[in-house]
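Single-structure report; data block below.
Just so you know, ligand 1 is whichever comes first in the structure, and atom 1 is the first atom listed for that ligand.
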Amino acid sequence: MPPVLFHSTNGRSPAVNLREALLIGQAPDCGLYFPKVFPQLAPDEIRGFANLPYHEIAFRVLSRYTEGILSDDVLAGLCRDAYTFDVPLEKAFDRVYLMRLDRGPTASFKDFAAQMMGRLIGRFIREDGRQLTILTATSGDTGSAVAHAFHNLPGIRVIVLFPEAEISKRQRKLMTVLAGNVTAVAIDGKFDDCQAMVKRAFADPALGSIPLSSANSINIGRLLPQSVYYFYAASRVARPGEPMVFSVPSGNFGDMMGAVVARRMGLPIRKLIASVNDNDAFPRLLNTGVYQKVVPSRNSISNAMNVGHPSNLARLLSVYGGHMDETGRIHVQPDLEALRRDVFSSSVSDAQTREAFLEFYDKYQLLLEPHGAVAWQGLKDWMQTESLDGLPAVLLETADPAKFPELIEQAFGWSPDAPPAMAALDDEPEHYERMGTDYEAFRNFLIAQHA
Ligand SMILES: *Cc1c(COP(=O)(O)O)cnc(C)c1O
């Protein structure tokens, strides 16, 4: 098999293999890397996943992308090492399940991708004898998942910017107790300020000698590992070859693109539900064919999904023959009919999110947090339009309820226990820098860090 090639969604950069796509991040023409042709898993092979542990399924799926780049032995070892945590599937009713993707080191689904991406990038850097600085702005979950994944990898330095007043103490601690090669920087500003500073740094010629890379979800390394848990869910709850329904709480659409990848590789998916909060650019596009970013993005209680222009839509539309550039302009319309056949999307308000959260607990005794509650409402919205026909459906719960305890505290008057990994941090000393939003000061700080 020739290695899988990744093409830029903007079509003006040469195609590259996985190794280069991982290390470059965003294509030089500002597009996103994505395969045009996907490796296929035969139905028999998918059937065989039923008896395999998670890390082995991860190996079977990801090895299709690493041929010629990484030996199977090495990849199998990385998968074993990355995926040591549980992936519970809890039954709600009939054949509707909740998949908890919150058992990783930072208690959000972002660990699934970050843990693998860290190991792959760490390996490639070491082979090349190179140095790399991962620079990331975070509103919470990305920064901690990335910092943990790259912590103490030789040759790699991590700098995470976070808005000091906008994240919880527990979220902050997940980044500030690591030290070593991880530098956390509290910015006296908003998430948008952090992101603007990082973007400027990437484009700053004065920093040209510092090898910077990003670990946000424009990197294909954040996407491929997210296809694995869809195969895993099917192997546990579907009959061989039986199509499924997934409801995915979506912000930047990296998580739901994992399902698109799985489907392209051969996993039968009847409907993929992208559930969003008040940031409704995608459901509007689906309904009207017109794309309008939400500017500025709207705040909501499912705050990890407060994304006004989901960058992964460029990838989604490319699968349906469309072309959206990095600014959100559509140059070629996708096949909307085909897209609607495969994907459903609804926008869920905060009030609906609260109700869905309460209902799920009352009816099924399963505790959600706001992002998972959006997924539940999205599934219900779809079931108003089509019947599940007895097929299995899986809701993705993307964080531990203890990470977003407000809903629970308001509704029940008690706080959920922190998962052990997070509770252990409570007494650890924190190390972090503090900075304003002045770019010159930030640039000098970066230069001093690399002196
Ligand atoms: C990042 C995040 C999301 C959104 O995932 P996308 O891939 O950006 O769509 C949902 N829930 C939680 C808890 C997250 O941290």
Worksheet, complete the sentence: Residue shell for ligand 1, any heavy atom closer than 4.0 Å, reads F109, K110, D141, P249, S250, G251, N252, F253, G254, D255, A304, M305, H371, T398, A399
Discussion item. A quick test of your reading: do over 12 heavy atoms of other residues, nucleotides or ligands sit less than 6.0 Å from CD of Q292?
Written reply: no
Discussion item. If the threshold is 4.0 Å, N to carboxylate O, is there a salt bridge linking D255 and K110?
Written reply: no
Worksheet item: Distance under 6.0 Å and angle within 45° of the ring axis: does R264 meet both against Y320?
Response: yes
Fill in: Least distance between heavy atoms, L22 atom then I220 atom
N-CG2, 4.4 Å
Discussion item. Could you check, using the six-membered ring where one of them is a Trp, whether Y232 and Y83 have ring centers closer than 6.0 angstrom?
Written reply: no
Practice prompt. Look at R95 together with E242 and state whether they make a salt bridge at an N to O cut-off of under 4.0 Å.
Written response: yes
